[in-house]
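Numbers restart at 1 for each chain; the letters A, B, ... are given by sequence-line order, proteins then strands. Fair warning: this is a prediction, and the values are worked out from it, not measured in the lab.
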Protein chains: 2
Amino acid sequence: MANITDVARVAGVSISTVSYALSGKRPIADATKTRIAQAVTELGYRPNAGARMLAGSRTNIFALTAPMHEDTHPPALMSFVLSVVTAARSYDYDVLLLTEGEATTGLRRVVSSSLVDGIIMLDVTVEDERIDVIRELGLPTTLIGIPHDTEGLTCVDLDFEGAARLAVSRLVALGHTSIGLMGHAEALYERGSNYAPRFRDAFLAAGSDAGIQTAFHTTVATRPGVEESLDGLRAQLPGMTALVLNCNENIHGILLEVLREREVAVPEALSIVSACSSFSTDHFLPPMDVIPLPSQESGRRAVELAIQQIAGFADPHVELIAPVYHRKSSTAPPAATVAA
Amino acid sequence: MANITDVARVAGVSISTVSYALSGKRPIADATKTRIAQAVTELGYRPNAGARMLAGSRTNIFALTAPMHEDTHPPALMSFVLSVVTAARSYDYDVLLLTEGEATTGLRRVVSSSLVDGIIMLDVTVEDERIDVIRELGLPTTLIGIPHDTEGLTCVDLDFEGAARLAVSRLVALGHTSIGLMGHAEALYERGSNYAPRFRDAFLAAGSDAGIQTAFHTTVATRPGVEESLDGLRAQLPGMTALVLNCNENIHGILLEVLREREVAVPEALSIVSACSSFSTDHFLPPMDVIPLPSQESGRRAVELAIQQIAGFADPHVELIAPVYHRKSSTAPPAATVAA
DNA sequence: CTGAAAGCGCTTACAG
DNA sequence: CTGAAAGCGCTTACAG
């Protein structure tokens, strides 16, 4: 494989000129630039990664730490992984994948061997064991997700509270005054998750602010679990005309099946909004209104913030991504209003 | 960060001795080894990855190319990715993730910059654009999946034909003589997939060998699609008592729902086997007999074969992983037999 | 069993 | 605008 000396010889310049021409770190005469470009093409030259890492101060590699928890939704994780890789490539960065087995060990290893310039953390839990390591290592890092203590950390996430308010306000605008929230499994509120309780609390607060009735129920992702959650909400809100789902994907399909059997028409008798979902809600019958979990944007911002830290200008902060409401066919004014 | 010179100084030896002690490439006196080990611990020394890559002949990094097709099942892809990463780590290899946007470009890039020692390819299609690049690059590579032309390639995959034969033989052993195969979408048989037609053909051949009746139908992963497939199979096999599923995950749930509504009891009136599934079939009602897609084993073998190629001893070949049948509760002798 | 030294292929002050 | 050279931190013949 051709090296920089070959390129310099063919172009008739010194290797430092080749290096500078390629990096753009100092002005090079146009004629020289052209000759170098030709030599590069002719030889199919590509700088040696190891030499670059050793001589330079960059490796152009990010570590992506993506553990799987019990409640990790693999397609969601996958879509975050892909968006991080894609975003990283647009900055000429490659991505090294670290998994659960090596959560903290792997981070220490790749950092202390100077393999990576920065770290992107997925699937952050409230008390994540990786966070102490991050603080200790001091390498540019972006978390996708928000732990309890964000001191000194750079974090990106959907604005879950904003998403809850958005869901409520859209339903209120349609005329709904009694809205239930079908939540995740109870365990998620007691441990690990930051977004689940954040969403729930903002939902209840938004309802109270709007002067409407709300109720919340956790949901086990089985058919009996969904029925129990639905019945529990109805018990609290006999006049419930709308449902916000902030829950497991499987619950969506089960819920629609239950409603069909009970002959509860969606959206005529019950409006439904799926909030913070990583999957498409288009294939449901009816296609479901959704406030998506923005994996593309999260990945992109995470990478951008890491790049800024590497460049040296970036203060640690939490960045929330604004929620977006996608109108499909699962919401309508409440039946009473229609009748009126 | 401490470097090899620091370690040598603290241990009172030369840097070459440190290097050899760490690599084990030449015998070192026990006493010396101990002093070096102590120095390494004391200084928290970890060899610089870039220097290693430059000086040595290895980077200890694999490229993992994992594109997403329309029919890619994300959880399955994720489980293969994780198994490759885990297996790679057991050989002290890290994994660089390449995605669709960079299928061939990315491979050329990481290889020509000497960033990786080998390549693992996931989600291989019959006429995969990456294969020509692989042949051209000549770097140790293992494909998980089997393309049309395997000349000169190292491939690992489940023995799909064996899996089809296994499914049939287990059902025949229970007494079934009329078995339907609910397949993937038609597109998968016309294009791209190698495993779908391989499974279908072996299924039909196994049925014929066993002297029983079989039928095959493609399946669209919607409720009407599943009903059409089921009805199509029944039309061909009025006495059908067993069904083999080699299809999309979603079809499983829909099928069980359809059967429930039609009051076809599983397994009493119809036995079902899920073949080559990457997902758990335990949560279905009843838990479904399954021949799993062995992502763990595929990933491990793929890595092992790549490691062997890097070490220089490995002839290109196709390696098939033996199918395993997991008995759950969705099969039984056919009703007629029970009655008899 | 161990050491001194060349060399891997770059980047980047230093110099002009 | 360009070049000669030091140096990054290892590995591995070469030598003893």
Side-chain angles (χ1 to χ4, degrees), chain A residues 1-37 39-40 43-61 92 109-117 310-311, chain B residues 1-37 39-40 43-61 92 109-117 310-311:
Chain A
M1 248 165 276
N3 62 25
I4 197 172
T5 308
D6 299 325
V7 175
R9 187 170 13 80
V10 170
V13 295
S14 72
I15 64 159
S16 60
T17 300
V18 173
S19 177
Y20 284 119
L22 260 34
S23 70
K25 288 190 183 170
R26 82 179 179 191
I28 303 286
D30 279 346
T32 312
K33 239 186 265 180
T34 309
R35 268 182 297 134
I36 292 175
V40 166
L43 297 169
Y45 169 70
R46 201 96 53 149
N48 178 285
R52 246 184 163 170
M53 290 164 65
L54 181 57
S57 52
R58 303 277 171 83
T59 69
N60 278 52
I61 299 178
D92 199 27
R109 180 173 52 78
V110 297
V111 171
S112 60
S113 61
S114 300
L115 226 192
V116 306
D117 296 336
I310 291 169
Chain B
M1 247 165 276
N3 62 25
I4 198 172
T5 309
D6 298 326
V7 175
R9 187 170 13 80
V10 170
V13 295
S14 72
I15 65 159
S16 61
T17 300
V18 174
S19 177
Y20 284 118
L22 261 34
S23 69
K25 288 189 182 169
R26 81 179 179 191
I28 303 287
D30 278 347
T32 312
K33 239 186 265 180
T34 308
R35 269 182 297 132
I36 292 175
V40 165
L43 297 170
Y45 169 71
R46 200 97 52 151
N48 178 285
R52 245 184 164 168
M53 290 163 65
L54 182 58
S57 52
R58 304 278 172 82
T59 69
N60 278 48
I61 299 178
D92 200 27
R109 181 173 52 80
V110 297
V111 171
S112 59
S113 62
S114 301
L115 225 192
V116 305
D117 296 337
I310 291 169

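The heavy-atom pair separating B:N3 from B:Y45 by the smallest distance is C-CE1, 3.5 Å. A pairwise comparison of heavy atoms in A:T5 and A:I15 identifies CA-CG2, 3.8 Å as the closest pair.
Applying the side-chain hydrogen bond (donor to acceptor under 3.5 Å, both in side chains) test to A:S14 and every residue at least two apart in sequence or in another chain returns A:S16, A:T17. Not counting sequence neighbours, the partners of A:R9 by the side-chain hydrogen bond (donor to acceptor under 3.5 Å, both in side chains) test are A:D6. Residues passing the salt bridge (charged side-chain N to carboxylate O under 4.0 Å, His left out) test with B:R46, sequence neighbours excluded: none.
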- Are A:V40 and A:V10 close enough, and set up right, to give a side chain to side chain contact (heavy atoms under 4.5 Å, CB included), and what steps lead you there? CA-CA 9 Å; A:V40 166; A:V10 170; over 6 Å; no
- Message: Determine whether A:V13 and A:V7 satisfy the following criterion, side chain to side chain contact (heavy atoms under 4.5 Å, CB included), listing intermediate values before the conclusion.
- Response: CA-CA 8 Å; A:V13 295; A:V7 175; over 6 Å; no
- Item | Dot-bracket pairing map - DNA chain C, Watson-Crick plus G-U, both contacts under 3.5 Å, | cross-strand | |||.||||||||.|||
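Read 5' to 3', the first and last nucleotides of DNA chain D with an atom closer than 4.0 Å to a heavy atom of chain A are D:dC1 to D:dG9.
The distance from the CG atom of B:N48 to the CE atom of A:M53 is 7.0 Å, given to the nearest 0.5 Å. To the nearest 0.5 angstrom, B:S23 atom OG is 11.5 Å from B:R58 atom CZ.
For DNA chain D, the neighbouring residues in residues 25-33 of chain B, judged by any heavy atom under 4.0 Å, are B:K25, B:R26.
B:P47 is not listed as a side-chain neighbour of B:I4, based on a closest heavy-atom distance of 4.5 Å or more.
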